[in-house]
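One structure is given here, and the rest of the page talks about it.
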Amino acid sequence: PYGIEFDGQRYQTAEHDPIPGDADTDLFASVADELHRVLAEDSHAYLFTRWDVLPKVLEAYTPPFTADTVIVWDKDDGGHGMGDLDDWAPRHELVVKLSKGRRELEVGDRPPNVIRQQDVRFTDGENQHPTQKPVALIKQLIKASSVPGELVFDPFGGVHTTPMACVSCERRCLSVEVDTDHHAAGRERVDRRVETARDDRTLVYDVEVIQ
């Protein structure tokens, strides 16, 4: 759902099929209305996008949401995004923070809107999805906009990185993924994370992952 025709084949470290329907930006408006309907009052939504698609995202999502800020995910020394190979190599991704109602951030100190976290595709970790996000990155967003026990919703779950982050943050999570292979891989990841986190000192909330 990026609207950029993402093609993971460009990376020698990651061979993935193109994401079906990714060139269709007409999807944005219907997704915006449905997200606004299901989200609780006084809650936040985060959307990953690229600079050239950002105007279409803002047009589709505001209204019904209010756009608060744009966060820059600096991918550190891990790879470069799509673009003209003769031009500057992009090393970042944009994250639009949206609000339904009014809610302050749940973190004590005002966080900077640049987050440095290496791209998963260029680490030794599991690389199972063409746009897989680092768990540490998603944890920062979750902690900023929710408190333990609240429900976090990811309608484009991929390999379910959001539930992975929710386990250690003590949040409940509902994650949905249309691709059966990605869903299966993600479910296995979440099951392993839950077993690792479960001990006598840690309260782990149930994590629900549905297909």
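The model shown is predicted, which means the values in this text are computed figures rather than measured ones.
Surrounding CD of Glu104 are at most 12 heavy atoms belonging to other residues, nucleotides or ligands under 6.0 Å away.
A distance-only check finds no donor-acceptor pair linking the side chain of Asn113 to the backbone of Val72 [under 3.5 Å]. A donor-acceptor pair is defined here as one N or O able to donate and one able to accept, closer than 3.5 Å; such a pair exists between the side chain of Arg91 and the backbone of Asp76. A donor-acceptor pair is defined here as one N or O able to donate and one able to accept, closer than 3.5 Å; no such pair exists between the side chain of Glu188 and the backbone of Ala185. Checked by atom type and distance alone, the side chain of Arg171 never pairs as donor or acceptor with a backbone atom of Gly149 at under 3.5 Å. Within the 3.5 Å criterion, the main-chain N or O of Gly158 finds a donor-acceptor partner in the side chain of Glu177. With hydrogens and angles ignored, the 3.5 Å screen pairs a side-chain donor or acceptor of His44 with a backbone N or O of Arg103.
The two residues Glu150 and Ser146 come nearest to each other via the heavy atoms OE1-CA, 3.2 Å. Closest approach of Ala29 to Ala60, counting heavy atoms only: N-CB, 3.9 Å. The nearest pair of heavy atoms linking Leu39 to Ala45 is CD1-CB, 4.0 Å. Scanning both residues, Trp73 and Pro134, for their nearest heavy atoms gives CZ2-CD, 3.5 Å.
Between Lys75 and the choices Gln117, Glu93, His92, Arg116, the side chain to side chain contact (heavy atoms under 4.5 Å, CB included) rule is met once, by Glu93. The residue from Val53, Asp52, Leu47 that alone fulfils the side chain to side chain contact (heavy atoms under 4.5 Å, CB included) condition with Thr49 is Val53.
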May I have the step-by-step check of side-chain contact (heavy atoms from CB on, under 4.5 Å) for Phe153 and Leu35, ending in yes or no? CA-CA 10 Å; Phe153 175 50; Leu35 279 181; 4.0 Å; yes
Please lay out, stage by stage, how Val70 and Val95 fare under the test side-chain contact (heavy atoms from CB on, under 4.5 Å). CA-CA 6 Å; Val70 175; Val95 188; over 6 Å; no
Contacts under 3.5 angstrom, residues 136-143 side chains, donor-acceptor by atom type, not counting sequence neighbours:
none

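Here the NZ atom belonging to Lys133 is positioned 15.5 Å from the OH atom belonging to Tyr46, to the nearest 0.5 angstrom. To the nearest 0.5 Å, atoms NZ (Lys97) and OG1 (Thr69) are separated by 7.5 Å. Taken from CG in Leu174 to CG in Leu151, the straight-line distance is 6.0 Å, to the nearest 0.5 Å. If you take CD1 on Ile71 and CD1 on Ile115, they are separated by 5.0 Å, rounding to the nearest 0.5 Å.
Looking at Phe156 and Val31, their side chains come closer than 4.5 Å, going by heavy atoms from C-beta outward. Leu98 places none of its side-chain heavy atoms less than 4.5 Å from the side chain of Asp68. The closest side-chain heavy-atom distance from Met164 to Cys166 is not below 4.5 Å. Side-chain contact check for Val159 versus Gln132: some heavy-atom pair is nearer than 4.5 Å. For the pair Tyr61 and His36, the minimum side-chain heavy-atom distance is 4.5 Å or more.
Residues Leu58 and Trp51 share a single hydrophobic cluster, defined by chaining ILVMFWY side chains whose heavy atoms lie under 4.5 Å apart. Val167 and Val147 end up in different hydrophobic clusters when Ile, Leu, Val, Met, Phe, Trp and Tyr side chains are linked at under 4.5 Å.
Under the 4.0 Å criterion applied to side-chain N and carboxylate O atoms, Glu59 and Lys56 are not assigned as salt-bridge partners. A salt bridge is absent between Asp33 and Arg37: the closest approach of a Lys/Arg side-chain nitrogen to an acidic carboxylate oxygen does not fall below 4.0 angstrom. A salt bridge is defined here as a Lys NZ or Arg NE, NH1 or NH2 lying under 4.0 Å from an Asp or Glu carboxylate O, and Asp42 with Arg102 fails to meet this definition.
A side-chain N or O of Thr161 and one of Arg189 form a donor-acceptor pair less than 3.5 Å apart. In this structure, a donor-acceptor pair under 3.5 Å is present between the side chains of Thr162 and Asp154. Side-chain atoms of His160 and His183 form a donor-acceptor pair, as typed in the model, at a separation below 3.5 Å.
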